[in-house]
Amino acid sequence: MAISRELPESPVIQGPSERVAYGVTVPAGRSPASVVVTIWLIDDQDNPVDKTATCATGSASVASTVITTPLLQNLVSGSTYRVDVKYTDSGNTWYPYFRIYCR
């Protein structure tokens with residue numbers, strides 16, 4: 001069985017005029033802290049471009065085992081993004097991610 005950091009809900013579709021905050025549920029028993037969300041434009045897989053400054057508004061939040069991303073916006077129709085959700089828990093660092101198709 002292959003193990004992936006990609007979340008089971010991935011990919012999701014978001015329209016270019018939509019503003020969406022996504023919820024990422026971490027495994028039970030974890031207490032996510034030090035959350036950093038990074039949005040990558042991955043149309044060119046070999047050269048991803050960090051679009052966090054232009055595509056995210058606000059900051060991530062945590063409630064129990066759910067991490068809520070900042071509002072994701074200003075996506076370009078026809079493009080694909082990868083959203084990295086980095087967090088720590090008990091000295092471990094985790095990096096799940098999901099993809100967004102902007103259509």
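Throughout, numbering of the chain's residues begins at 1 and tracks the sequence. Just so you know, these numbers come straight off a predicted model, no measurement behind them.
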Legend entry - Pairing residues for Thr88 by the side-chain contact (heavy atoms from CB on, under 4.5 Å) criterion, not counting sequence neighbours: Ala33, Ser34, Thr93

Legend entry - Pairwise salt bridge (Lys or Arg N to Asp or Glu O under 4.0 Å) hits with a residue in residues 48-68, at least two apart: none

Inset, instruction - Answer yes if Val35 and Ile39 sit in the same cluster of Ile, Leu, Val, Met, Phe, Trp and Tyr residues linked by side chain heavy atoms under 4.5 Å apart, and no otherwise. - result: yes

Legend entry - Tyr95-Ile42 co-clustered via ILVMFWY side chain contacts under 4.5 Å: no

Inset, instruction - Quick one: which residue pairs count as a salt bridge (Lys or Arg N to Asp or Glu O under 4.0 Å) with a foot in residues 63-92, not counting sequence neighbours? - result: Arg82-Asp84

Legend entry - Heavy-atom pair with the smallest gap, counting every atom of Pro70 and Ala56: CB-CB, 4.1 Å

Legend entry - Which residues share a side-chain contact (heavy atoms from CB on, under 4.5 Å) with Asp46, sequence neighbours left out: Asp44

Inset, instruction - Starting from the C-alpha separation in whole Å, work towards a yes-or-no answer on side-chain contact (heavy atoms from CB on, under 4.5 Å) for Arg103 and Thr80. - result: CA-CA 9 Å; Arg103 307 288 184 258; Thr80 302; 4.3 Å; yes

Inset, instruction - State, yes or no, whether a side-chain contact exists between Val83 and Val37 at a heavy-atom distance under 4.5 Å. - result: yes

List the atom pairs, donor and acceptor, that lie under 3.5 Å between side-chain atoms in residues 17-27 and the rest of the protein, sequence neighbours left out.
from  : atom 1 : to    : atom 2 : distance (Å)
Glu18 : OE1    : Gly15 : N      : 2.6
Arg19 : NE     : Gln73 : OE1    : 3.2
Tyr22 : OH     : Gln14 : OE1    : 2.6

Inset, instruction - Compare all side-chain heavy atoms of Asp43 with those of Ser79 and state whether any distance is below 4.5 angstrom. - result: yes

Inset, instruction - Is it possible for you to say whether Ile100 and Val49 belong to one hydrophobic cluster, with membership spreading through side-chain heavy-atom contacts below 4.5 Å? - result: yes

Legend entry - Cluster link Leu7 to Trp94, ILVMFWY, side chain under 4.5 Å: yes

Legend entry - Joint cluster assignment, Val12 & Leu41, ILVMFWY side-chain distance < 4.5 Å: yes

Legend entry - Any Tyr81 side-chain heavy atom under 4.5 Å of Cys102 side chain: yes

Inset, instruction - Report yes if some heavy atom in the side chain of Val85 is under 4.5 Å from a heavy atom in the side chain of Phe98; otherwise report no. - result: yes

Legend entry - Residues clustering with Ile13 (ILVMFWY side chains joined when closer than 4.5 Å, directly or via others): Tyr101

